[in-house]
Amino acid sequence: MEVLKNYVGGSWVSSRESKTSDVINPASQEILARVPVGEKTAADLEAAVKIAAEAYKEWSQVPVMQRVQPLYKLKQLLEDHIDELARIITMECGKTYVESKGELQRAIENVETACAAPLLMQSEFSENIARGVDEFMIRQPLGVTACIAPFNFPGMIPFWFLPYAIACGNTFILKPSEKVPLTMKRVFELLEKVGLPDGVINLVHGGKETVDAMLDHPEIKSISFVGSSKIARYVYARGTANGKRVQAQGGAKNPVVILPDADLEVSTNIIADSVYGCAGQRCLAASTVITVGDDKNEIKDRLYAIAEKRVTGYGLETSVEMGPVISGESRQRIEYLIEKGISEGANLLLDGRNPKIDGFEKGNFIRPTILEGVPLEGEIIKTEIFGPVMSLLKMKTVDEAIEFINANSYGNMACLFTSSGASARKFRSEAMAGNIGINIGVAAPMAQFPFSGWKESFFGDLHGQGRHAIEFFTQTKVVVERWPKEWTRKF
Ligand code: NAD
């Protein structure tokens with residue numbers, strides 16, 4: 001069985017660590033590879049930082065217009081290999097092939113946006129702030145930057161950061177999730193061909209030990225983290241205590257509100273897709289669906305009908321609309337939360353537990369599940385489930401729904417379905433979440449916008465993607481210069 005190597009200084013090198021963790025196909029349980037995880041991975045990281053710091057000296061001096069040239073090549077390579085990469089994502093992460101291709105499309109869009117770095121890094125200049133004195137601001141890179149990625153978007157999330165970091169003149173070390181390291185392994189094989197100098201991009205495998213080594217290393221100037229809120233909070237606290245710039249995206253519990261004036265057919269289809277897409281393992285997956293007013297159960301009936309017929313199975317089979325969850329542990333956790341909801345008084349309208357999927361009997365499958373009448377103080381209303389479970393709630397007014405949303409500790413996304421512009425305007429203004437959808441079920445920002453998040457869903461200031469990423473990966477220097485006319489030399 002292949003033990004994955006690190007990519008450091010332009011070469012594939014074996015880890016110093018002999019302990020490994022299995023990379024498992026969540027549908028078939030086949031072991032796909034082994035990834036080094038353990039104490040000695042900290043020494044791997046140390047070696048990578050040394051090389052990245054050396055490479056930074058030269059890379060930071062390369063003109064930005066030249067630094068983005070490899071990104072144009074990368075875009076082409078990603079497009080040429082999108083089918084192959086999508087298959088790898090589905091095999092190690094479980095989502096459907098179509099979903100895997102979708103996330104790669106978002107990765108490519110980030111590469112395209114980062115190609116605008118020459119413009120986005122341009123300085124601001126004020127002439128004559130005093131007689132003969134000019135002032136300007138320049139953006140300079142930070143140095144060695146690091147990224148820690150989660151399991152649920154192995155092909156996309158590193159691209160919220162990587163292309164911007166290197167376009168801005170930094171060097172970059174990526175630690176993918178140990179559950180899904182194969183996608184980035186293949187991406188780095190492609191990156192080998194784009195003409196980046198050795199040491200500019202590096203891939204170091206591992207788990208907590210690698211993360212802690214990153215957080216403590218004085219040569220690493222910034223950390224970009226995406227994962228659960230508990231670890232995001234930890235990464236932010238330890239990284240900033242060590243003087244680093246940190247952006248840490250956390251978990252979510254996303255509410256969707258549907259008003260009586262919404263187009264019910266369109267809305268319910270979009271909402272079901274938001275809840276069950278990627279088996280609910282999206283940080284922008286709808287989790288709580290709130291119907292406002294007296295809808296006489298029409299919305300519930302429609303959602304039930306859509307959920308019940310969603311085809312669940314192995315993501316590489318073309319008829320399949322929903323794959324498994326990432327691990328047996330994750331499946332058990334979701335099943336525990338469903339049980340908890342029932343014990344708290346919810347009615348289990350649709351039970352997706354223990355399905356039989358022909359040919360994939362050992363897979364981590366849960367079919368679409370619906371709970372209704374969950375008490376507002378219940379654990380299942382507050383806890384991120386990260387699985388294909390919808391909690392249905394009824395409320396009397398939009399104000400009540402907004403109050404409920406704002407009381408939640410997470411603030412990643414909130415969506416409203418309506419045909420009223422005024423209701424939409426009120427909602428987008430008052431709902432406390434970083435990403436708002438109006439008649440949209442997954443309000444994922446395009447690459448030119450920051451991937452926002454509020455409250456427990458984000459620790460930091462500047463987010464990934466777009467201008468925020470350019471600002472995160474650069475530090476501003478303000479220069480004031482005096483060159484009065486009378487000092488002009490006469491020749
Ligand atoms: P996770 O927090 O378990 O792991 C994320 C990363 O942290 C991994 O690389 C892992 O190796 C590392 N890690 C895990 N435990 C650690 C520890 N104790 N100390 C140091 N490092 C540790 O998250 P996950 O399960 O891989 O991903 C799912 C979570 O990510 C969900 O909560 C989801 O909402 C969130 N997520 C958020 C966004 C967003 O933009 N807000 C996007 C995608 C996923």
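Counting convention: from 1, in listed order, for ligands and their atoms alike.
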What I want to find out is whether Glu329 reaches Arg333 closely enough, with some N-O distance under 4.0 Å, to be called a salt bridge. no
What protein heavy atom sits nearest atom 19 (N) of ligand 1, and how far away is it? Lys208 CG, 3.4 Å
Can you check whether Ser229 has an N/O within less than 3.5 Å of an N/O in ligand 1? no
Does ligand 1 have an atom that lies less than 4.0 angstrom from a heavy atom of Phe153? no
Are any of the N/O atoms in Gly227 less than 3.5 Å from those in ligand 1? yes
Within 45° cone and under 6.0 Å: Lys95 NZ/CZ vs Phe153 ring: yes
Salt bridge Lys101-Asp83, side-chain N to carboxylate O under 4.0 Å: yes
Side-chain donor-acceptor pair present, Asn202, Asn6, cut-off under 3.5 Å: no
Looking at atom 2 (O) of ligand 1, tell me if a protein heavy atom falls under 4.0 Å from it. yes
Considering only heavy atoms, which of His205, Lys179, Arg282, Glu178 lies nearest to atom 10 (C) of ligand 1? Glu178
So which of Pro150, Cys283, Ser228, Pro181 gets nearest to atom 38 (C) of ligand 1, if we judge by its closest heavy atom? Cys283
Go through the side-chain N and O atoms of Trp12 and Glu192 and say whether any donor and acceptor fall under 3.5 Å apart. yes
Check: Tyr164 ring centre within less than 6.0 Å of Phe473 ring centre: no
The protein heavy atom nearest to atom 17 (C) of ligand 1 is Ile231 CD1, 3.6 Å
In terms of residue, atom name and distance, what is the protein heavy atom nearest to atom 8 (C) of ligand 1? Ala149 O, 3.2 Å
Which atom of Met413 lies closest to which atom of Pro255, heavy atoms considered: O-CD, 3.1 Å
Within-shell test, Trp160 vs ligand 1, heavy atom, strictly < 4.0 Å: yes
Closest protein heavy atom to atom 34 (O) of ligand 1, given as residue, atom name and distance to 0.1 Å: Glu384 OE2, 2.6 Å
Nearest atoms (heavy-atom pairs only) where Ile366 meets Thr312: O-CG2, 4.2 Å
Interfacing atoms of ligand 1 (cut-off 4.0 Å, heavy-atom, Phe451): 40 (O)
Minimum heavy-atom separation for Asn408 to Ile381, with atom names? ND2-O, 3.7 Å
Please write down residue, atom name and distance for the protein heavy atom closest to atom 24 (P) of ligand 1. Phe151 CD2, 3.6 Å
Is ligand 1 less than 4.0 angstrom away from at least one heavy atom of Phe458? no
With nothing but distance in play, are any N or O atoms of Gln249 less than 3.5 Å from an N or O of ligand 1? yes
Please confirm whether Gly453 approaches ligand 1 to less than 4.0 Å, judged on its heavy atoms. no
Under 4.0 angstrom from ligand 1, any heavy atom of Ile157? yes
Measure the shortest side-chain to side-chain distance between Phe386 and Ile326 over non-hydrogen atoms and say whether it is less than 4.5 angstrom. no
